[in-house]
4 protein chains.
Amino acid sequence: MVERIVEAARVVLVRDGYESFTTNRVADEAEVSPGSLYQYFPDKSALVTVVMDRWSAEISDRVAASLAASGPVDVQDPAAVRGIADALLSALEADAGLLRIVWEELPAVRHRAAQHALETRVRELLAVYLSAAGLRSADPAARAWVIVMAVENIAVRWVLDRPAISRDDLLDELTALAGGFASGSGADARSPE
Amino acid sequence: MVERIVEAARVVLVRDGYESFTTNRVADEAEVSPGSLYQYFPDKSALVTVVMDRWSAEISDRVAASLAASGPVDVQDPAAVRGIADALLSALEADAGLLRIVWEELPAVRHRAAQHALETRVRELLAVYLSAAGLRSADPAARAWVIVMAVENIAVRWVLDRPAISRDDLLDELTALAGGFASGSGADARSPE
Amino acid sequence: MVERIVEAARVVLVRDGYESFTTNRVADEAEVSPGSLYQYFPDKSALVTVVMDRWSAEISDRVAASLAASGPVDVQDPAAVRGIADALLSALEADAGLLRIVWEELPAVRHRAAQHALETRVRELLAVYLSAAGLRSADPAARAWVIVMAVENIAVRWVLDRPAISRDDLLDELTALAGGFASGSGADARSPE
Amino acid sequence: MVERIVEAARVVLVRDGYESFTTNRVADEAEVSPGSLYQYFPDKSALVTVVMDRWSAEISDRVAASLAASGPVDVQDPAAVRGIADALLSALEADAGLLRIVWEELPAVRHRAAQHALETRVRELLAVYLSAAGLRSADPAARAWVIVMAVENIAVRWVLDRPAISRDDLLDELTALAGGFASGSGADARSPE
DNA sequence: AATGAATGAGTTTTCATTCAT
DNA sequence: CATGAATGAAAACTCATTCAT
């Protein structure tokens, strides 16, 4: 039943948009009475939260799965970062419909928590790479934060806006950004080594 | 009159948040009747759009002004990028209240156009630097897009979330990211030169 | 418009009872949209309050009018109290339908204020009589309070429950109660005269 | 089981008020399923009725017990009426919480029957005294009805509203009212003495 | 008997929008 | 142009009651 409702919620969200995401419509879609919905969720926003949490977890899992599937990561290899970015891109593309609603229609407040969770997980993944790559940044945490924020927006917007950049080129750019940047040393990254 | 309404709209937005941003409340704040409001704006969303457009223009202008004030930019100098980032940060900080509402409460659809305009202007600013810096990227447009997306999210989130990174350090990181990256050469940025 | 709504509210209250007193039904009866109702009353309970206040005022006025019509009151005359009681009874009978709803269906909280106002006015009327009658009670205020509470319930219940007591007999009893009582002297009322 | 439910109903009524008195909450409090509740009570109002009946009986009993405890009543003695009033006051004070809910939140319809039963019993008690006191009223039944209505409201409102009248003074007034009144001369009260 | 998940009609309230003045 | 009273569709949420297990 919870399953049915959450699935219906997701369908309504993607199909009709957040403006039309009403408790009655979700109930309709789930072929359930509005009252039943309130037996499992305290209010409408709880429903959104659950959908968001699941989606965020799915993305995390997909990223993790992708990485696992591509074998052990040699963190010395620049390709490692490419792998992470690739996995993230694929994960976002898997449900671009929901991504669009979340990013463009949902007030950020509604998915803040899920987004934070995702960012944290990606930051952790990145941290492994960064530390192993022997980066010399004065503040590794700051650097990780910066990279994650950068990659997040770039990946999302690429999927949603489809700028005239091929997937491969984008991955090249992302690798350059995170990689070149990471192996550099803060503000002096551009000086000869 | 339009002036009065738009100003009232902005006040209501910042003071009461988007949830409480109702046409009636805006009319009240503007000391105008709700009917009058519809003589100048086709509907509620048009109001939001105008507020967003103005704000976006303000930020553009502030960035431009900052740059102009700091004298001619030597695009060969890494400090140039720092200047742009600094100006952007200041512009965003100038009305952090509105920034928060826009970013966290407004469904993105509502400020999409304004955001695009801003991104474009910043991209143009950046393009000057990038080309002059003699970057060897296969696709300068792609690179500019990537950098702008990265900087946008980083700057906004830094202002809103106030992570434990000093302004100076953030600027260092941004400079490293855009600069080191820009002077590199795409996917090969990390190979010995 | 306010008039129309209040009148409709009263009609619905009397005709359908408090259980069926819904904002939509009142709007229907007033041939007005539910929204209009909320332009003049903050919420449903405000509507009830206004109906109650008006009704309470009507009763006060009717009592006052009755007394005025019957000429100057000789407070020395026991008949004076009979006049007050008579007037009160008539006033209550004038809209027995509403009285029934108020007393039997409305939770007291809803008409507490109106009831208090009425009690106070009657108490004031009574006070004139009591003091002039040269009562020797230790605590005139207490006595007035007691009499008003007594008369209130007796009058209301007589109108609503129609016990087998004629109007005249009831007035006799009430006069005896307030009059005999009043002219006595508290706990010593039963002592030989 | 019935016991458990009725007790729970009473608890919920006193603790949460009538607005929050829902069948589900009663079931919760009784640690019973809502379905079970409907095996013993046809509907919600039946539940209220039973609680009211019990409470009314309790008050009757308490009054009777008080009187019994204070020894045989000398009906010629004015103190007799004082005793009845005192007993009633104590009985009402014993569960002032419930009294408040019943009087102020419950629509009277809900406890009409119980109230009638109580009134009848008190009227009977009073009748003994009145007849023995050799009252000369034309209609003893009418007089008893009047006194009971008077005392009922006075006692209840004194307990609930706590006017600035001491318990002793109140009893004095009540005694004067019922006693003086009773020993007076009813229908002849208006004729010169 | 006991359960408790499911119901769904119905409630109060909001607010973007209109249109006669 | 300006007004602002009026609108009314629709939203979130409740709760007495049922009935298959």
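All figures in this text were calculated on a predicted structure; none of them were measured in a lab.
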What protein N or O atoms touch nucleotides 19-21 of chain E N or O atoms at under 3.5 angstrom, if any, and at what distances?
none

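Separating the CG atom in B/Asp28 from the OG1 atom in B/Thr22 is a distance of 8.0 Å, to the nearest 0.5 Å. Remark: C/Ile101 CD1 to C/Asp16 CG distance equals 9.0 Å, nearest 0.5 Å. The CD atom of D/Glu7 lies 8.0 Å from the CZ atom of D/Arg54; values are rounded to the nearest 0.5 Å.
In terms of heavy atoms, B/Trp103 sits closest to A/Ala108 at O-CB, 3.4 Å. Nearest heavy atoms, A/Glu105 versus A/Gly17: OE1-CA, 3.3 Å.
Under 4.0 Å is where a charged nitrogen must lie from a carboxylate oxygen, and between D/Glu58 and D/Arg10 at least one such pair does. The existence of a salt bridge linking D/Arg112 and D/Glu119 is excluded, since no basic side-chain nitrogen approaches an acidic carboxylate oxygen closer than 4.0 Å.
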- Task: Take C/Leu106 and C/Met52 through the test side-chain contact (heavy atoms from CB on, under 4.5 Å) and record every step on the way to the result.
- Result: CA-CA 10 Å; C/Leu106 235 63; C/Met52 290 303 92; 3.7 Å; yes
- Item | Chi angles and distances behind the salt bridge (Lys or Arg N to Asp or Glu O under 4.0 Å) call for B/Asp61, B/Arg121 | CA-CA 10 Å; B/Asp61 292 349; B/Arg121 256 187 101 172; 3.4 Å; yes
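Recorded end-axis angle for the helix from E/dA2-F/dT21 to E/dT21-F/dA2 stands at 10°, based on five pairs per end and rounded to 10 degrees.
Along DNA chain E, the nucleotide nearest to D/Gln39 and the one nearest to B/Ser45 differ in position, and the one closer to the 5' end is contacted by D/Gln39. Between A/Thr23 and B/Glu31, the residue anchored nearer the 5' end of DNA chain F, judged by the nucleotide with its closest heavy atom, is B/Glu31. Where D/Asn24 and A/Lys44 meet DNA chain F, the nucleotide closest to each residue was compared, and A/Lys44 sits on the side nearer the 5' end. Between B/Glu19 and D/Met1, the residue anchored nearer the 5' end of DNA chain E, judged by the nucleotide with its closest heavy atom, is D/Met1.
Counting to the nearest Å, the C1' atom of E/dT14 and the CZ atom of B/Phe21 are 16 Å from each other. The distance from atom CG of C/Asp28 to atom P of E/dT12 is 12 Å, rounded to the nearest whole Å. For the pair B/Ile5 CD1 and F/dA2 C1', the computed distance is 11 Å after rounding to whole Å. Atom CZ in A/Phe41 sits about 15 Å away from atom C1' in E/dA5, given to the nearest Å. Taking atom CZ of residue A/Arg25 and atom P of nucleotide F/dA9, one finds them 17 Å apart after rounding to whole Å. Between the CG atom of B/Leu37 and the C1' atom of E/dT18 there is a distance of 13 Å, rounded to whole Å.
Residue B/Tyr40 places at least one side-chain N or O under 4.0 Å from the OP1 or OP2 atom of F/dA2. For C/Ser36, no side-chain nitrogen or oxygen approaches OP1 or OP2 of F/dA5 to under 4.0 Å.
Taking the side chain of C/Asp43 as heavy atoms from C-beta on, and the options F/dT17, F/dT7, E/dT13, the nearest nucleotide is E/dT13.
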